[in-house]
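First up is the structure itself, then whatever we jot down about it.
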Amino acid sequence: MPSRLIPVPAGRAHNAGMSERGESFTDEEYAFLRHVRFGELPNRVRPEERAESTETDTRPDRPDPAGGESEWHLRAGG
(Lines give C-alpha, C1' and ligand atoms only; values in the text may rest on other atoms or scores of the structure.)
Protein backbone atom coordinates (compact mmCIF):
# COMPACT_ATOMS: atom_id res chain seq x y z
CA MET A 1 0.00 0.00 0.00
CA PRO A 2 1.59 3.33 -0.98
CA SER A 3 2.04 5.89 1.79
CA ARG A 4 0.09 9.11 1.63
CA LEU A 5 1.44 12.48 2.62
CA ILE A 6 -0.97 14.80 4.37
CA PRO A 7 -0.43 18.45 3.42
CA VAL A 8 0.23 20.81 6.33
CA PRO A 9 -1.41 24.23 6.11
CA ALA A 10 0.97 27.18 6.12
CA GLY A 11 1.78 28.42 9.60
CA ARG A 12 0.89 25.13 11.29
CA ALA A 13 3.32 22.69 12.87
CA HIS A 14 3.82 19.22 11.46
CA ASN A 15 1.98 17.55 14.36
CA ALA A 16 -1.17 19.65 14.04
CA GLY A 17 -3.11 16.77 12.47
CA MET A 18 -2.29 14.46 15.37
CA SER A 19 -3.46 16.52 18.33
CA GLU A 20 -7.03 16.20 19.50
CA ARG A 21 -7.82 19.89 19.99
CA GLY A 22 -5.90 21.23 17.02
CA GLU A 23 -3.09 22.52 19.28
CA SER A 24 0.48 22.17 18.18
CA PHE A 25 3.93 22.40 19.77
CA THR A 26 6.43 24.99 18.64
CA ASP A 27 10.09 24.13 18.01
CA GLU A 28 10.98 25.73 21.36
CA GLU A 29 8.41 23.56 23.16
CA TYR A 30 9.78 20.45 21.46
CA ALA A 31 13.31 21.47 22.52
CA PHE A 32 12.12 21.85 26.11
CA LEU A 33 10.41 18.45 26.05
CA ARG A 34 13.58 16.82 24.68
CA HIS A 35 15.59 18.48 27.46
CA VAL A 36 13.13 17.25 30.11
CA ARG A 37 13.19 13.71 28.74
CA PHE A 38 16.90 13.29 27.95
CA GLY A 39 18.58 15.95 30.08
CA GLU A 40 21.68 17.92 29.16
CA LEU A 41 23.72 16.69 26.23
CA PRO A 42 27.42 15.95 26.86
CA ASN A 43 29.95 18.44 25.54
CA ARG A 44 30.95 18.01 21.91
CA VAL A 45 34.26 16.23 21.29
CA ARG A 46 36.55 18.46 19.26
CA PRO A 47 38.50 16.87 16.35
CA GLU A 48 41.85 17.35 18.10
CA GLU A 49 40.51 15.52 21.18
CA ARG A 50 39.48 12.45 19.22
CA ALA A 51 41.54 9.27 19.34
CA GLU A 52 41.65 6.38 16.91
CA SER A 53 40.08 3.19 18.20
CA THR A 54 42.66 0.49 18.91
CA GLU A 55 40.40 -2.38 19.96
CA THR A 56 41.86 -5.74 18.95
CA ASP A 57 39.62 -8.10 20.93
CA THR A 58 36.88 -10.00 19.12
CA ARG A 59 33.35 -8.82 19.61
CA PRO A 60 31.79 -10.52 22.64
CA ASP A 61 28.39 -10.76 20.95
CA ARG A 62 29.62 -12.93 18.08
CA PRO A 63 31.01 -16.47 18.24
CA ASP A 64 34.47 -17.29 16.96
CA PRO A 65 34.44 -18.25 13.25
CA ALA A 66 34.39 -22.00 12.69
CA GLY A 67 35.35 -24.09 9.68
CA GLY A 68 37.31 -23.08 6.65
CA GLU A 69 36.61 -20.99 3.59
CA SER A 70 34.70 -23.81 1.85
CA GLU A 71 32.32 -24.07 4.82
CA TRP A 72 31.83 -20.28 4.81
CA HIS A 73 30.80 -20.46 1.13
CA LEU A 74 28.46 -23.35 1.86
CA ARG A 75 26.76 -21.43 4.69
CA ALA A 76 26.47 -18.34 2.53
CA GLY A 77 24.81 -20.32 -0.22
CA GLY A 78 27.67 -19.96 -2.67
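For the single chain, residues carry numbers from 1 onward in sequence order.
- To the nearest 0.5 Å, atom CG of residue L33 and atom CZ of residue F38 are 10.5 Å apart.
- Annotation: side-chain contact (heavy atoms from CB on, under 4.5 Å) contacts of V45 (sequence neighbours excluded): E49, R50.
- Applying the side chain to side chain donor-acceptor pair (under 3.5 Å) rule to pairs touching residues 39-48 yields R46-E48, sequence neighbours excluded.
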